[in-house]
A.B. asks: 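To start, I am sharing the structure in question, which I have written as structure tokens.
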Amino acid sequence: MAISTAADLINAPLLYKGKVRELYDLGEHYLIVVTDRISAFDYVLEPAVPDKGNVLNRLSSYWFEVTEDLMENHVVHTDVDRLGAIVSDENKPALRNRIMVTRKAERIDIECVVRGYITGGGWRQYEKNGEINGIPLPAGLRKNDKLAEPIFTPAAKNDVGHDEDISFEAMADKVGSELADELKTRSLELYSFARDFCEERGIILADCKLEFGLVDGKLILIDEIFTPDASRFWSKENYALDIEIDSMDKEPVRTYLAGSDWDKNSQPDPLPAHVVEETTRRYRDIYKRLTGQEL
């Protein structure tokens, strides 16, 4: 069963409803529920994709645990049975494995992007001016080339519309040079750890985005981490230069929409069943390959 919203399942104030996640106020803590909603090209699509939220939440929980020696994070627990009267017994099965109770951090409005390969939006910037977010790169790079060293390319977060790529200097102006340096250092450390972790499992971590917050003045990891919605994963056997590599995420949805007659300016028609099924399979597969466990 797919979960499109949790609003009817939770007895707590809804603070924020994103494209996928819902944020509820528990007083001392936040409750994050990861739904099965799926978005592409800035539209939330129908129907929801079974197991997508399950995978995203469990993967984040897994990564937060394996990186906790590198970086403190916001997780308090992920056990729906500890929510008490907030969720009735009859609703707990629907929310199992898709909730995260977290500390209340002050979000830093910077999306911390690390790129190990030149692709996507980074490649489009490089084609125009030989740079990514103001960082000059060697001439002659090809699409999907591995960079000599990973680069930190932040974006200013916008709750409405697209996030805005900015230079490191612009980020430092927004948050202060000391915090900017720490965000960059931490992001590169986390990417390097995850890149090597993925490499051992036959997966290339091409790039990722991380979010951070402050609790009592201390920097911690928040939101999600190294999931298919926040990272670009490539299977090693699919790696090649100068092509669009089929990424291990909602690529079936993007491919279907790009090949349809949808005008990209209106709500698209519901996704066909085979596209939904293939997308579920993709999410389940990346979970198994990263964790070694069946969902």
Side-chain angles (χ1 to χ4, degrees), residues 16 18-19 21 42 60 63-64 67 70-74 103-196 198 204-227 229-234 247:
Y16 175 75
K19 291 177 181 175
R21 284 170 168 73
D42 288 333
S60 276
W63 281 110
F64 280 132
T67 61
L70 279 177
M71 182 87 199
E72 192 174 333
N73 61 66
H74 67 167
R103 291 186 284 171
K104 287 187 170 181
E106 177 191 350
R107 187 185 79 173
I108 298 167
D109 290 334
I110 296 291
E111 194 165 79
C112 293
V113 179
V114 180
R115 304 176 188 272
Y117 291 74
I118 184 167
T119 194
W123 170 250
R124 290 190 289 273
Q125 287 189 53
Y126 176 78
E127 279 191 302
K128 287 182 179 179
N129 55 25
E131 300 179 348
I132 301 180
N133 289 47
I135 301 170
L137 295 174
L141 292 178
R142 295 165 62 185
K143 184 177 182 178
N144 305 332
D145 257 332
K146 184 177 183 178
L147 298 172
E149 296 290 339
I151 59 173
F152 179 72
T153 58
K157 288 193 67 64
N158 293 316
D159 287 328
V160 177
H162 294 287
D163 295 340
E164 176 191 357
D165 290 326
I166 58 175
S167 67
F168 178 79
E169 292 73 21
M171 184 183 86
D173 287 341
K174 288 175 71 73
V175 303
S177 57
E178 185 176 343
L179 180 56
D181 285 338
E182 187 174 7
L183 289 169
K184 178 180 178 179
T185 298
R186 294 288 198 166
S187 297
L188 289 168
E189 287 175 350
L190 285 159
Y191 171 82
S192 296
F193 173 87
R195 175 200 60 200
D196 295 347
C198 291
I204 295 170
L205 178 59
D207 51 45
C208 69
K209 55 184 179 183
L210 303 164
E211 293 195 32
F212 297 86
L214 297 169
V215 173
D216 298 327
K218 184 173 186 179
L219 190 68
I220 66 168
L221 263 174
I222 63 170
D223 196 56
E224 61 183 318
I225 176 175
F226 303 128
T227 70
D229 281 15
S231 307
R232 195 189 311 262
F233 295 114
W234 294 331
S247 55

A.B. asks: For a quick test of reading the model, state the closest non-hydrogen atom pair linking L210 to S187 and the distance between them.
C.D. replies: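 Smallest heavy-atom distance, with atoms named: CD1-CA, 3.8 Å.
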A.B. asks: Working to the nearest 0.5 Å, report the span between CD of E106 and CG of L219.
C.D. replies: 11.0 Å
A.B. asks: Can you name the one residue among V215, N73, I222, D216 that meets side-chain contact (heavy atoms from CB on, under 4.5 Å) with R103?
C.D. replies: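 Option passing the side-chain contact (heavy atoms from CB on, under 4.5 Å) with R103: V215.
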A.B. asks: Going from CG on D173 to CZ on F168, what distance comes out if it is rounded to the nearest 0.5 angstrom?
C.D. replies: 10.0 Å
A.B. asks: Search all heavy atoms of P138 against all heavy atoms of Y126 and return the closest pair with its distance.
C.D. replies: O-OH, 2.6 Å
A.B. asks: Can you check whether S247 reaches W234 side chain to side chain, under 4.5 Å on heavy atoms?
C.D. replies: yes
A.B. asks: Report the distance from atom CZ of F233 to atom OG1 of T227, rounding to the nearest 0.5 Å.
C.D. replies: 7.0 Å
A.B. asks: Work out which heavy atom in S231 is nearest to a heavy atom in F226; give both atom names and the distance.
C.D. replies: OG-CA, 3.2 Å
A.B. asks: Can you find a heavy atom in the side chain of T153 that is under 4.5 Å from one in the side chain of V114?
C.D. replies: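 The answer is no; the side chains never approach within 4.5 Å.
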A.B. asks: Using every non-hydrogen atom in the two residues, find where R195 and L205 come nearest and quote the distance to one decimal.
C.D. replies: N-CD2, 3.8 Å
A.B. asks: The criterion is side chain to side chain contact (heavy atoms under 4.5 Å, CB included); which residues satisfy it with K174, sequence neighbours excluded?
C.D. replies: I110, A156, I166
A.B. asks: Less than 4.5 Å apart, side chain to side chain, heavy atoms only: is that true for R21 and Y16?
C.D. replies: no
A.B. asks: Within a strict 4.5 Å, meaning less than it, do heavy atoms of the E182 and F212 side chains meet?
C.D. replies: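 Side chain of E182 against side chain of F212, heavy atoms only: no contact under 4.5 Å found.
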A.B. asks: Tell me the closest heavy-atom pair linking M171 and P154, and the distance in Å.
C.D. replies: SD-CB, 3.6 Å
A.B. asks: Not counting sequence neighbours, which residues clear side chain to side chain contact (heavy atoms under 4.5 Å, CB included) with D145? List them please.
C.D. replies: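 For D145 the side chain to side chain contact (heavy atoms under 4.5 Å, CB included) partners, ignoring immediate neighbours, are I118, L141, R142, L241.
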A.B. asks: Measure the shortest side-chain to side-chain distance between F193 and M71 over non-hydrogen atoms and say whether it is less than 4.5 angstrom.
C.D. replies: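 No; the side chains remain at least 4.5 Å from each other.
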A.B. asks: How close do P136 and E131 get, heavy atom to heavy atom, and via which atoms?
C.D. replies: CA-CG, 3.8 Å
A.B. asks: Roughly how far, to the nearest 0.5 Å, is the NZ atom of K209 from the SG atom of C112?
C.D. replies: 12.0 Å
A.B. asks: Is R186 close to L70 at the side-chain level, that is, under 4.5 Å between some pair of heavy atoms?
C.D. replies: no
A.B. asks: Could you tell me the separation between the CD atom of E111 and the SG atom of C208, rounded to the nearest 0.5 Å?
C.D. replies: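 The CD atom of E111 sits 10.0 Å away from the SG atom of C208.
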A.B. asks: Would you compute the distance between atom NZ of K143 and atom OG1 of T119 and round it to the nearest 0.5 angstrom?
C.D. replies: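 It comes to 5.5 Å.
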